[in-house]
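All remarks here apply to the structure that follows.
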Amino acid sequence: MRRYGPALHSAGKFVEECLRRREDLAAVSQAIAGLSAGAEFRVQDTTVLEGKKIGCSICYKGDEWCAALAAGLEALGAYYGVENMICDDGDLNDETQTKQIENYIANQVDMIMVDPITFDGSSVALNKAVDAGIPIIVYDGAWAEGAEKAETTVTWDQKATGTITGEYFVEYIKANCGGKATIVELTNAVSTHCQERFIGLHEIIDKANAEGCEITFVGERYDSEGNREKAYNAISAIVEPYDFVISDVDNGAQGAVAALQALGKTDVKVLSMGAYGKEPFSKLYNNDPNYLACLNVDAWVLAQYIFDGAINYFSGVENVPQTNIALYMVDSSNVTDFWSDFE
């Protein structure tokens, strides 16, 4: 098993491995350019996936973190010799993802990797795959019947995502705002795992309020649908005063930052409960006046765990659900621990 740490950001050794296996270096190099500098990443010495057909659908490539995860999955598929590994874009649409899964079944793939857009939106198609004897790895999100029918689930603790963000936020307002703050919340409402993040966030905020903080919210949670333009429009339309914007996905956070800067509201701070890549990390590195912090889970480490699950299955090794992926709050004080290629 080969392990690569911070030096992997330059692509070096991993590209050499791909060269040895005569893979498409241009595609792999482009994918590896997204690796975070501080991640511990490894690949296995195995040929068990060579020639396998794997159908892969991700919820939305329009999100930078999801795009990085898709790139990681495709590069690892190439590395392990998977036949024409392509991660399809579900485009936040259950019908689109359902058709993708049905195509995988028709093409008689050996395995399906799926990032469900909603908890049960693709259940009919996934059950058809189960009936056809195709093993399923659920990743990032969750499937309503996954505990019983999926080979394994590879994700991270969504509630803890909100808990960690909430702890950072409360500590920040105690130190900088006298324990008082008014929040606008942005969400991708269709995503059940995004809603879990707010459960953890609100538990921390409720506890802080019970201990003397004064944290309030502007209206109901605004649905950005994971879309920057809709987040921009939502923030632009709010007339009530507020101090912070907290978004469950980074597209919402980036849309909020753009709107705030257009409005000249550089005193309002934005937190993202899920971000990765050059754009958010560059904002932190450059001390953007609005973008305060984000929670990071390394997309390439998640991709590694997904393929570990596939390797286990085809090697006859029992899989267990994987949810203990490391989570980190990143701000201007520590961003260089996670990224090195800034704008």
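On a predicted model such as this, the values are computed, not experimentally measured, just so you know.
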Show your reasoning for whether side-chain contact (heavy atoms from CB on, under 4.5 Å) applies to V245 and L271. CA-CA 6 Å; V245 177; L271 293 91; over 6 Å; no

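- With hydrogens and angles disregarded, a donor-acceptor distance shorter than 3.5 Å links the side chain of D115 to the backbone of C59.
- Nearest approach of L327 to D157, heavy atoms of both residues: CD1-O, 3.9 Å.
- A salt bridge between E102 and K128 is present, with a side-chain N of the basic residue lying under 4.0 Å from a carboxylate O of the acidic one.
- Between R228 and E64 there is no salt bridge, since no side-chain nitrogen of the basic residue lies less than 4.0 Å from a carboxylate oxygen of the acidic one.
- Side chains of F307 and L49 form a contact here, defined as non-hydrogen atoms less than 4.5 Å apart.
- When side chains are defined from C-beta on, L73 counts as touching I306, because their heavy atoms get closer than 4.5 Å.
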Where do E318 and N312 land on the side-chain hydrogen bond (donor to acceptor under 3.5 Å, both in side chains) test, with the steps shown first? CA-CA 7 Å; E318 183 179 0; N312 285 346; over 6 Å; no

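- Side chain of R197 to backbone of D248: a donor-acceptor contact under 3.5 angstrom is found.
- Between the side chains of Y172 and D331, no donor-acceptor pair of N or O atoms lies under 3.5 Å.
- In summary, the side chains of T187 and D223 do not present any donor paired with an acceptor at a separation below 3.5 Å, with no hydrogens or angles considered.
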What's the verdict on side-chain hydrogen bond (donor to acceptor under 3.5 Å, both in side chains) for D250 and S272, showing C-alpha distance, side-chain angles and the deciding distance? CA-CA 6 Å; D250 206 53; S272 172; 3.0 Å; yes

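- The backbone N or O of V268 sits less than 3.5 Å from a side-chain atom of N290, completing a donor-acceptor pair.
- By the 4.5 Å heavy-atom criterion applied to side chains, C66 and K61 are not counted as neighbours.
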Distance-only donor-acceptor hits, side chain of residues 201-209, under 3.5 Å, sequence neighbours excluded:
| from | atom 1 | to | atom 2 | distance (Å) |
| --- | --- | --- | --- | --- |
| H202 | NE2 | E185 | OE1 | 3.4 |
| H202 | NE2 | E185 | OE2 | 2.6 |
| H202 | NE2 | R221 | NH2 | 3.4 |
| E203 | OE1 | K159 | NZ | 3.3 |
| E203 | OE2 | K159 | NZ | 3.1 |
| K207 | NZ | E211 | OE2 | 2.9 |
| N209 | OD1 | I215 | N | 2.8 |
| N209 | ND2 | I215 | O | 3.1 |

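- For K269 (side chain) and P289 (main-chain N/O), a donor-acceptor pair under 3.5 Å exists by modelled atom type.
- Two residues are said to be in side-chain contact when any heavy atoms from C-beta on lie closer than 4.5 Å; I86 and E74 meet this criterion.
- What you find for I311 and S315 is that their closest heavy atoms are O-OG, 2.7 Å.
- Hydrophobic clustering of Ile, Leu, Val, Met, Phe, Trp and Tyr side chains at less than 4.5 Å, counting indirect connections, keeps Y139 apart from W143.
- If you look at W65 and W156, their ring centroids are closer than 6.0 Å.
- Partner of Y276 under the ring pair (Phe, Tyr, Trp, His ring centres under 6.0 Å) criterion, out of Y328, W339, F338: W339 alone.
- The minimum heavy-atom distance between S332 and N287, with the atom names listed, is CB-OD1, 3.3 Å.
- Between the side chains of N319 and E151, a donor-acceptor pair is found at a separation under 3.5 Å.
- Judged purely by atom type and a 3.5 angstrom limit, D288 has no side-chain atom pairing as donor or acceptor with the backbone of L284.
- Tracing side-chain contacts under 4.5 Å through hydrophobic residues (I, L, V, M, F, W, Y), one never reaches V249 starting from I235; they form parts of separate clusters.
- Under the 3.5 Å distance criterion, the side-chain polar atoms of Q97 are matched with a main-chain donor or acceptor of I117.
- Atom-to-atom distance recorded for I112:CD1 and C56:SG is 10.5 Å, nearest 0.5 angstrom.
- Side chain of S191 to backbone of C194: a donor-acceptor contact under 3.5 angstrom is found.
- Across A303 and G72, no two heavy atoms sit closer than the pair CB-C, 4.0 Å.
- Within the 3.5 Å criterion, the main-chain N or O of V330 finds no donor-acceptor partner in the side chain of N334.
- Although no hydrogens or angles enter the test, the distance criterion places a donor-acceptor pair under 3.5 Å between the side chain of T118 and the main chain of G121.
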Please step through side-chain contact (heavy atoms from CB on, under 4.5 Å) for the pair Q254 and Y291, ending with a clear verdict. CA-CA 8 Å; Q254 298 299 337; Y291 196 73; 3.5 Å; yes

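- Within the 4.5 Å cutoff, the side chain of M273 has heavy atoms near those of the F198 side chain.
- The shortest side-chain heavy-atom distance between T152 and V154 falls under the 4.5 Å cut-off.
- Under the 3.5 Å distance criterion, with hydrogens and angles disregarded, a donor-acceptor pair is assigned to the side chains of E145 and N127.
- Put simply, V82 and M113 are part of the same group of oily side chains (I, L, V, M, F, W, Y) that touch within less than 4.5 Å, one to the next.
- Checked by atom type and distance alone, the side chain of D89 pairs as donor or acceptor with a backbone atom of D91 at under 3.5 Å.
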Give the intermediate values and the outcome of side-chain contact (heavy atoms from CB on, under 4.5 Å) for residues Y80 and M85. CA-CA 10 Å; Y80 286 121; M85 179 74 183; over 6 Å; no

